[in-house]
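Report on one structure; see the data block that follows.
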Amino acid sequence: MKREDNAGDNRNKFYVILLILILFMLCVITILMLIPKGNCCMGALSKLYQNGNVGGGVDLKIESNGDSVTSGESGDNEQGVAISGITSITLPKNEKQVYVDFCNPEKNKDLYYQTFELRLVCDGGYETLYTSGLVEPGEHIRHITLSRTLESGEYQAVVHVQPYRMNEERTPTNNVDIKTALIVK
Amino acid sequence: MKKLLSVIISAAIVLMISITSFAAENPTITQDNTEKKTSITVDYDMAESYTVTIPASIEFTDDEKNIERPLQIENIMLNEGTVLNVNVSSLNGFKMRNGDAEIDYEMMVNTHNITEGNNQNVLTVKAGEHSCWAILHFATQLSEEKALYAGNYSDTLTFTVSVISE
């Protein structure tokens with residue numbers, strides 16, 4: 001009689017364990033099916049990291065009128081300065097706080113800072129809309145404040161990129177003017 | 001107990017089937033579902049981009065009066081039917097200055113003398129090419145007779161980059 005009771009208890013235990021296992025598997029399957037693929041928190045985190053540094057470069061303010069002269073401190077095998085191209089800039093109308101992407105390429109590591117000046121081309125001259133501080137290699141400037149707002153339209157603009165050597169004097173080098181379309185809408 | 005278990009297992013099977021039905025909203029293509037047709041749109045916006053590398057500076061010495069420096073454009077991705085131009089201009093009209101004193105120098109690309117006018121073209125790249133380069137030649141007749149004063153004679157070059165329709 002006792003033996004039959006024990007066999008019944010063991011059978012019940014087996015059924016309970018089986019039940020728990022089935023419920024656990026059901027929970028796992030439900031969770032796996034409800035998570036959308038490629039839309040997890042890590043995606044949002046990685047996007048944040050991709051945005052990189054935001055701001056106006058290092059503390060030093062530079063008078064960047066582009067009329068500086070080269071120094072005679074370079075060596076024979078001096079590496080050239082890499083400049084990231086910009087083909088067009090789109091800005092919102094009537095706003096001073098805008099988003100751009102000015103980048104000092106990683107290739108300039110340990111060699112050159114860069115400053116960026118956004119110039120609006122006018123009749124026979126230009127108006128400076130924004131001047132950055134020194135930007136370190138591998139860093140971006142993304143949020144800038146313009147000197148004034150712009151109405152809707154397409155303007156001619158130039159991004160003046162002035163590199164500086166990473167020495168104590170921070171001597172300027174040859175520079176680049178990137179002609180670009182400034183689309184305001 | 002057996003009855004309870006069979007009821008629970010039946011409920012679990014019904015639940016699994018309903019979950020699978022919800023999951024079918026996201027198209028899944030496997031080797032087994034040959035009868036189902038699923039279509040997705042694949043697109044990718046390739047932004048225009050390029051990296052231009054200019055000579056940081058050119059330093060003439062008594063021993064080195066002819067200098068070559070590369071001008072490189074890499075990672076070029078342009079819209080079809082456009083070209084990328086690089087022009088060069090000099091702050092002092094291709095003269096190195098030290099106060100009022102100045103010394104001429106020449107800049108050439110291949111056999112083309114850039115010094116003949118300001119904002120001269122030095123390199124053109126058509127859309128579809130991924131990299132391009134040119135060798136810039138610099139030469140001066142630097143001598144003590146030509147220099148009025150001791151000191152550093154210098155000039156600044158500005159490279160103007162533009163992308164225009166072909």
Side-chain angles (χ1 to χ4, degrees), chain A residues 8 11-12 14-16 18-19 22-23 25-26 29-30 32-34 36-38 66-88 101 103 105 107-108 111-112 156 158-165 171-181, chain B residues 1-2 4-5 8-9 11-12 15-16 19-20 22-23 26 28 47-61 64 67 69-79 82 84-89 91-92 96-98 151-164:
Chain A
R11 210 176 298 140
N12 285 344
F14 171 75
Y15 288 142
V16 168
L18 188 68
L19 189 65
I22 289 168
L23 286 172
M25 283 172 70
L26 269 174
I29 290 166
T30 309
L32 285 176
M33 285 184 169
L34 289 178
K37 282 170 188 171
D67 291 335
S68 48
V69 295
T70 56
S71 75
E73 294 183 2
S74 61
D76 281 351
N77 298 315
E78 187 180 47
Q79 187 180 312
V81 189
I83 313 278
S84 278
I86 301 161
T87 50
S88 71
D101 190 1
C103 167
K107 199 177 171 184
N108 295 325
L111 294 171
Y112 307 107
Q156 279 190 309
V158 167
V159 178
H160 179 75
V161 185
Q162 177 62 64
Y164 291 85
R165 287 190 184 82
T171 47
T173 70
N174 293 324
N175 52 60
V176 168
D177 280 348
I178 303 170
K179 286 186 178 178
T180 178
Chain B
M1 191 65 190
K2 276 183 183 175
L4 177 68
L5 190 65
I8 289 170
I9 289 173
L15 189 64
M16 281 177 76
I19 289 169
T20 314
F22 277 118
N26 294 326
T28 307
E48 282 190 292
S49 62
Y50 59 89
T51 303
V52 59
T53 303
I54 61 164
S57 64
I58 295 92
E59 186 186 3
F60 293 111
T61 63
E64 201 171 16
I67 297 172
R69 290 281 183 272
L71 172 69
Q72 291 173 286
I73 310 177
E74 298 165 293
N75 311 317
I76 306 169
M77 190 56 65
L78 301 175
N79 287 337
T82 59
L84 188 153
N85 283 319
V86 182
N87 289 16
V88 68
S89 58
L91 180 66
N92 302 321
M96 293 175 284
R97 281 201 179 139
N98 177 18
N152 182 245
Y153 288 72
S154 62
D155 185 23
T156 299
L157 297 175
T158 297
F159 294 84
T160 302
V161 186
S162 58
V163 177
I164 56 168

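Because the structure is a prediction, the values reported are computed rather than measured. Proteins come first, then strands; the chains are lettered A, B, ... in the order of their sequence lines, and each starts at number 1.
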Which heavy atom of B:Asp155 sits nearest to which heavy atom of A:Asn174, and what is that distance?
O-OD1, 4.4 Å
For A:Lys107, is the NZ atom crowded, meaning more than 12 foreign heavy atoms sit under 6.0 Å from it?
yes
Any side-chain heavy-atom pair of B:Thr160 and A:Val158 under 4.5 Å
no
Report which part of A:Ile86 has an atom under 4.5 Å of a heavy atom belonging to chain B: side chain, backbone, both, or neither.
backbone
Might you confirm whether atom CD of B:Glu74 has over 12 heavy atoms from other residues, nucleotides or ligands at distances under 6.0 Å?
yes
Looking at every non-hydrogen atom in both residues, tell me the closest pair between A:Asn175 and B:Thr158 and how far apart they are.
OD1-OG1, 2.6 Å
To the nearest 0.5 Å, atom CG of B:Asn85 lies from atom NZ of A:Lys179 at 9.0 Å
Nearest heavy-atom approach of B:Val163 to A:Thr87 is CG2-CG2, 4.0 Å
Measure the spacing between CD1 of A:Ile83 and OG1 of B:Thr51 and express it to the nearest 0.5 Å.
9.5 Å
Restricting to non-hydrogen atoms, name the atom on A:Val81 and the atom on B:Ala56 that form the minimum distance, rounded to 0.1 Å.
CG2-CB, 3.7 Å
